[in-house]
> 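Structure below; questions to follow.
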Amino acid sequence: MRAATITAIKSFLPDAVLSNQALADLYPNWTADKILEKTGVRERRICAADQTAGDLAEAAAQRLFSTHAVAPDSIDFLMFCTQTPDYILPATACLLHARLGLRQDAGAMDYGLGCSGYVYGLALAKGLIESGQASRVLLLTCDTYSKLIHPLDKSVRTLFGDAATATLLEAQASDAPRIGPFVFGADGTGAKSLIVPAGGFRQPHTADTAREIADESGNIRTDDHLYMDGPSVLNFTLRQIPKAVEQLLALCQSPLDGFDAFIFHQANAFMLERLRRKLAIPEEKFVVHMADCGNTVSSTIPIALEPLMEAAKAQRIMLVGFGVGFSWAATSVTLH
Amino acid sequence: MSAFYEGLAEIFEVEATEITPQFDLIAHNWDSLAIVSTLALIDECFDKLVDGSVLAKCTTVADVERVVGMAAAA
């Protein structure tokens, strides 16, 4: 069969480092050790003021092209997952298409998902490849949440970092699918739990939306900034994700130990550990890869997958993305 | 209740013996991080998911125990 296969992954992190000590200096009663203990994050990378998601994604793609000797004109389709595009319009994917020198008959599109976006992208790429519409798909992810976060909102600033990834998917002859099956889900009743309230057309920026407010925990933000209702997001995750994993196992007709590794969206180490214990996943198979980059939204799963890809060992891996939306998706991928 | 009390002691960074039904949450930094941690602890100890906004209104451990008692299984 013609099977969509992940053949290369490369990530790119911006230069600037935001350390726990720098954050502890801003937040009374917090120490660098406490931030590490509560979040699992030692440092995050932050893009420069004039650096955009398009810039980081281009750098990740160029790194993939040069490392794996991929000719830009061999790409048939570019997908860019971002919630922080360079412009309201046009799609950043069209700009990236030009900057990367793709063929004019190669497709390009943005899609606006966050933490679940990588798994959705794999599903779309598989559809394009296995239906014969494309042979090589370049899936890019990048979010620059640092531009959406108020400097004095520790509830989100301690967690999120900026990053981009590039994944190459190709058609390969195989006896069995290399990606899938998939479980998808969405619950828009949770939209307000993780949101930037102002700046879209529902609530444009005004002087009022730029007014600073302090919450009960002492965090400061405006309606122009990212807001996260942590307990609500945790509730959603603990309620929905174990179900999604059970559904995927049923579709795969496989027990949990049929997988060599598990990569869940790297939200924060605390939430990951709770999910791991709830699902009884062995610690040695459960990948936690966020200490040096934080929660990078749509890029967390490919960042954690990149070292496994480079290990050049046949592995069956479960990927589970979940978060902003609420939105979630899970799948199985076979590497090498 | 002991695993639950031990977990609460860890969240509030106090000795387990200090956790009693009368333990004052507000005096011990009952912020969103403590609420998230308590929500996860309740799920772990009782297999129940409680609403964060309801939890936020609790002022003592006894209040939290009442919320747990009213919650449906996860």
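Protein chains get the first letters and strands the later ones, always in sequence-line order, with residue 1 at the start of each.
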> For A:R239, is it the side chain, the backbone, both or neither that has a heavy atom under 4.5 Å from a heavy atom of chain B?
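For A:R239, heavy atoms of backbone and side chain both lie under 4.5 Å from chain B.
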> Can you tell which part of B:S37 gets under 4.5 Å to a heavy atom of chain A, answering side chain, backbone, both or neither?
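Both the backbone and the side chain of B:S37 come within 4.5 Å of chain A.
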> Counting N and O atoms only, with roles assigned by atom type, does the side chain of B:D31 sit under 3.5 Å from a partner on the main chain of A:E216, one being a donor and the other an acceptor?
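It does not hold such a pair.
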> Quick one, A:F270 and B:L33 - any side-chain contact, counting heavy atoms below 4.5 Å?
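No - every pair of side-chain heavy atoms lies 4.5 Å or more apart.
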> Write down the atom of A:K278, the atom of B:D43, and the distance for their closest heavy-atom approach.
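Smallest interatomic distance, heavy atoms only, reads NZ-OD1, 2.8 Å.
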> Do other residues, nucleotides or ligands put more than 12 heavy atoms under 6.0 Å from the CD atom of B:E10?
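Not more than 12 within 6.0 Å, no.
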> I need the minimum non-hydrogen distance between A:R274 and B:E44, along with the two atoms involved.
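That closest heavy-atom pairing would be NH2-CA, 3.0 Å.
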> Highest number of heavy-atom pairs under 4.5 Å with chain B: which of A:L238, A:D229, A:N235?
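It is A:N235.
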> When heavy-atom pairs shorter than 4.5 Å are enumerated against chain A, which of B:A40, B:A56, B:S32 gives the highest number?
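Highest number of heavy-atom pairs under 4.5 Å: B:A40.
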> What pair of heavy atoms forms the shortest contact from A:P231 to B:G52, and how long is it?
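Closest approach of A:P231 to B:G52, heavy atoms only: CB-CA, 3.7 Å.
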> Considering only heavy atoms and a distance below 4.5 Å, find which of A:S155, A:S232, A:S217, A:P242 pairs most often with chain B.
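Most heavy-atom pairs under 4.5 Å with chain B: A:S217.
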> I need the residue from B:D51, B:L41, B:V50 with the largest number of non-hydrogen atom pairs under 4.5 Å to chain A.
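Sorted descending by pairs with chain A, the first entry is B:V50.
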